[in-house]
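Since the structure comes first, as structure tokens, the remarks are kept for the end.
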Amino acid sequence: MKKILKKIYNNFRLYKLRYIIWEILSFLFQIFPLENKVMVVNYYGKGYGDNAKYIVEKLLSKKIKIIWAVKNKDIQLPSGIKKVRINSIKYFYEIATSKIWIDNCRKPYYIKKRLNQYYIQTWHGAPALKKIERDAQHGLTKYYIESAQQDSKKIDVIISNSKWMTNLYKNSFWYKGDILEVGSPRNDIFYDKTLKLRDKIDKEYNTKDKIIILYAPTFRKNYSLEKYNLNYHSLKKSFEEKYKKEVIFFIRLHPNISNKSKNIKKEDYLFDVSSYDDTQELLYVSDILITDFSSLMFDFSLQNKPCFLYAEDLIEYKNDRDLYFDISELPFSFSQNVKEFKEQIYDFDLEKYLNNLNKFNLKIGNSEVGNASSVIYDLILKKL
């Protein structure tokens, strides 16, 4: 027991030491001048995707220097983007000398912002269904809350996609700064009907003339896969009877548990796409979405495609996280068992669904029009 306690203590000391070193590096590199470059952090070092991707692709045409932080150096990025491993010495140099920061999550307290640096926070889920930030602080660590409060002081502008989300930022993010209500850059993709992404997916997964159903649930507090027990075979049959076409499932686990995707059972109509960099591309090519409490439902619905909600643990989940909307307020059907789900598949009425979507978007003051990336691109050019 003594050895175990000693090991824990030593690891704790090393953990604290690492943060002290990172804080020193963040200060140290401020002796170097700022450069006209953009520093991107996406999901704490995940791959090339989310809001930043769509902003950066416009910036690349101007040959602006782009730095993208990654956890894994094997992550592939387009030509023209410099890759740097997150929390490496080089990372602290780049973030200290970049004039523009783009992030979709909270920056830790040890990252120090300089005068004349401009920090654009795009966030990663809007509108939110699960309660977050100050509204969920009973379930947050003291460290996260303190970091979030410090991060909000550094932010120069937050990007919003609706009046509802703007109010959430004002009331729950410990934030009093500027809010740009122009839509989410990542959702611009849904307004571009010229993309050939489906051709690429059809070739890779043999999905031509088939219905692609994307199952993309959020994670649970215990990081278990226990609640994701969809009866794929039974649902496949119901969807095929409804739509008279062959169905395949894409399964995408939340980034917090994507390393567990190897546990997904193997069938010739099930494809694990948890490691696919850009979720929006998967939403773009999919015909139907199944999720539970993920804000992806709101992104996907911009295409007017069918979305179904399925979760067996609604009460348990609400007791843990609580929700901003009552499930019955949402424009999507919700089921808690496969029998209910199958009934909702057969009863699905597209006209009624679209009418409910329209009412919901009016209610939240949706501001998505497909040009968010262009607005932020212009903003960055002005700041540079």
Under 3.5 Å side-chain donor-acceptor pair for N51 and N104: no
Examine the side chains of Q280 and Y54 and answer whether a donor and an acceptor come within less than 3.5 Å of each other.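 Absent: no donor and acceptor within the cut-off.
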Classify the ring geometry of [X] against [Y]: parallel below 30°, tilted from 30° to 60°, perpendicular beyond 60°.
{"X": "W164", "Y": "Y324", "value": "perpendicular"}
{"X": "Y110", "Y": "F92", "value": "tilted"}
{"X": "Y243", "Y": "F239", "value": "parallel"}
{"X": "F250", "Y": "F271", "value": "perpendicular"}

Using modelled atom types only, decide if a donor and an acceptor are shared between the side chain of D151 and the backbone of S147 within a distance under 3.5 Å.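 Not confirmed, D151 side chain does not pair with S147 backbone.
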Donor-acceptor check, side chain of K244 to backbone of E241, threshold 3.5 angstrom: yes or no? yes
For V369, give me all partners under side-chain contact (heavy atoms from CB on, under 4.5 Å), at least two apart in sequence or on another chain. N371
Centres of the [X] and [Y] rings: under 6.0 Å?
{"X": "F298", "Y": "F360", "answer": "yes"}
{"X": "F308", "Y": "F348", "answer": "yes"}
{"X": "Y317", "Y": "F293", "answer": "yes"}
{"X": "W123", "Y": "Y169", "answer": "no"}

Criterion side-chain hydrogen bond (donor to acceptor under 3.5 Å, both in side chains) against R106, the qualifying member of Q121, Q150, E133: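 Filter result, single survivor: E133.
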Does K236 count as lying over the ring of Y269, i.e. NZ or CZ under 6.0 Å from the six-ring centre, within 45 degrees of the axis?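 Positive - K236 is close enough to the ring of Y269 and near enough to its axis.
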Would you say I100 and V84 are hydrophobically clustered, going by side-chain heavy atoms of ILVMFWY under 4.5 Å?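 No, it is not one cluster - the side chains of I100 and V84 are not joined through contacts under 4.5 Å.
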